Q: 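Below: one structure in structure tokens.
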Amino acid sequence: MTPATDAAVLQDDELLIERIFDAPPDLVFKVWTRPEHLMRWWGPKDFTVTTFDQDFRVGGAYRSCIRDPSGGDHWMAGVYREIVDGEKIVMTFRWEDGAFDVDNVITVTFARLAGGRTLFRFHQSPFATVEARDSHTGGWASLVDKLVAYLTTEDAR
């Protein structure tokens, strides 16, 4: 897998992460869309997934719990707004405890590159403050690191 491209800031209320994966878009899309895969890599470094329930269709909801290293549970939820098979997922995102007091929209795209690789783009907005945006940067970047590692396993295939 190709090393990370640092998270980029487009505006004060936006976060963008781009990576090139040595995996085809269909595979990367698949591991974003099935709980049996999401349970293995979702969440920041050192967090584990305890729950990932989803109704993967436009208008369907998802709900997940990630556990931090000290044992604290963090619940998130959202609704799928747009799905283009193998290419794009648009979903809302919010912390159930009301942290950051805003619902975000996450857009994830999977573009085919030469050699069976994928240009992966993760975009999240809006954030109410720069601090809220910055607090998500490391978590999402390390989640993508976990995704990179998972894509190399037999379980992902």
Side-chain angles (χ1 to χ4, degrees), residues 1-8 14-100 102-111 118-125 127 132-157:
M1 297 294 162
T2 303
T5 298
D6 291 336
E14 295 179 276
L15 170 63
L16 175 66
I17 299 171
E18 292 184 334
R19 304 265 178 113
I20 296 175
F21 296 148
D22 290 328
D26 292 343
L27 175 62
V28 183
F29 183 84
K30 177 182 85 171
V31 301
W32 262 85
T33 62
R34 297 184 186 166
E36 65 268 24
H37 295 293
L38 290 157
M39 292 290 293
R40 300 200 174 219
W41 62 267
W42 189 257
K45 179 182 177 185
D46 300 325
F47 283 63
T48 57
V49 182
T50 62
T51 304
F52 204 107
D53 296 320
Q54 75 176 164
D55 178 10
F56 189 69
R57 62 180 177 82
V58 173
Y62 72 93
R63 185 171 186 248
S64 179
C65 180
I66 55 175
R67 183 164 292 149
D68 66 38
S70 67
D73 288 343
H74 308 273
W75 288 89
M76 66 198 78
V79 174
Y80 295 104
R81 288 187 171 176
E82 180 181 354
I83 297 169
V84 179
D85 192 41
E87 296 179 16
K88 182 179 185 180
I89 301 167
V90 179
M91 61 192 197
T92 62
F93 175 90
R94 67 177 159 76
W95 294 106
E96 287 191 350
D97 66 1
F100 306 107
V102 67
D103 286 0
N104 299 128
V105 174
I106 292 174
T107 301
V108 185
T109 60
F110 313 87
T118 300
L119 173 58
F120 170 85
R121 288 189 177 112
F122 173 96
H123 179 264
Q124 183 179 17
S125 69
F127 290 96
R133 181 207 60 215
D134 291 350
S135 73
H136 284 77
T137 302
W140 285 116
S142 68
L143 174 146
V144 174
D145 291 342
K146 287 171 62 176
L147 171 58
V148 167
Y150 181 68
L151 287 166
T152 67
T153 69
E154 286 299 314
D155 291 339
R157 308 278 167 183

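Just so it is clear, the structure is predicted and the values come from calculations on it, not from any experiment.
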Q: According to ring-ring contact (aromatic ring centres under 6.0 Å, His included), who are the partners of Y80, at least two apart in sequence or on a separate chain?
A: F56, Y62
Q: Atom CZ in R57, atom CD1 in I83: separation rounded to 0.5 Å?
A: 9.0 Å
Q: Indicate yes or no: at least one non-hydrogen side-chain atom of P69 is less than 4.5 angstrom from one of F47.
A: yes
Q: To the nearest 0.5 Å, what is the distance between OG (S125) and CG (N104)?
A: 7.0 Å
Q: T51 versus W75: any side-chain heavy-atom pair under 4.5 Å?
A: yes
Q: Which value, rounded to the nearest 0.5 Å, describes the distance between T107 atom OG1 and F122 atom CZ?
A: 9.0 Å
Q: Side-chain contact, heavy-atom cut-off 4.5 Å: R40 with V31?
A: no
Q: Keeping the roles fixed (side chain from T137, backbone from R133), state whether a donor-acceptor pair exists under 3.5 Å.
A: yes
Q: Set out, in order, the CA-CA distance, both residues' side-chain angles and the distance that settles side chain to side chain contact (heavy atoms under 4.5 Å, CB included) for I66 and M76, then state yes or no.
A: CA-CA 8 Å; I66 55 175; M76 66 198 78; 3.7 Å; yes
Q: Could you walk me through whether I106 and W140 pass side chain to side chain contact (heavy atoms under 4.5 Å, CB included), step by step?
A: CA-CA 11 Å; I106 292 174; W140 285 116; 3.6 Å; yes
Q: Keeping the roles fixed (side chain from R19, backbone from A141), state whether a donor-acceptor pair exists under 3.5 Å.
A: yes
Q: Suppose we screen for salt bridge (charged side-chain N to carboxylate O under 4.0 Å, His left out). Which residues come up paired with D68, at least two apart in sequence or across chains?
A: none
Q: On a heavy-atom basis, which atom in P25 and which in G86 lie closest, and how many Å separate them?
A: CB-O, 3.8 Å
Q: Please find the pair of heavy atoms, one from L27 and one from A23, that lie closest to each other, and give the distance.
A: CD2-CB, 4.0 Å
Q: Under 3.5 Å, which donor-acceptor pairs link side chains of residues 89-97 to any protein atom two or more places apart or in another chain?
A:
unit_1 : atom_1 : unit_2 : atom_2 : d
T92    : OG1    : V79    : N      : 2.8
W95    : NE1    : H136   : NE2    : 3.1
E96    : OE1    : R63    : NE     : 3.2
E96    : OE1    : R63    : NH2    : 2.9
E96    : OE2    : R63    : NE     : 2.7
D97    : OD1    : A99    : N      : 2.8

Q: Check salt bridge (charged side-chain N to carboxylate O under 4.0 Å, His left out) between D53 and all other residues, then give those that pass, not counting sequence neighbours.
A: none
Q: Please report the interatomic distance CG(L151) to CG(D22), rounded to the nearest 0.5 Å.
A: 10.0 Å
Q: Between T118 (side chain only) and A111 (backbone N and O only), is there a donor and an acceptor less than 3.5 Å apart?
A: no
Q: Measure the spacing between OG of S135 and CZ of F127 and express it to the nearest 0.5 Å.
A: 7.0 Å
Q: Where the side chain of K146 meets the backbone of K45, is there a donor-acceptor pair that is under 3.5 Å apart?
A: no
Q: List in chain and number order the residues that pass salt bridge (charged side-chain N to carboxylate O under 4.0 Å, His left out) with R81, two or more places apart in sequence or in another chain; answer none if no residue qualifies.
A: none
Q: Tell me, do F120 and V148 make a side-chain contact under 4.5 Å, heavy atoms counted?
A: no
Q: Please output the side-chain donor-acceptor pairs of residues 32-39 that fall under 3.5 Å, not counting sequence neighbours, one pair per line with the distance.
A:
unit_1 : atom_1 : unit_2 : atom_2 : d
T33    : OG1    : F29    : O      : 3.2
T33    : OG1    : K30    : O      : 3.0
H37    : ND1    : Y150   : OH     : 2.6

Q: Could you give the distance from CZ (R157) to OG1 (T152), rounded to the nearest 0.5 Å?
A: 8.0 Å
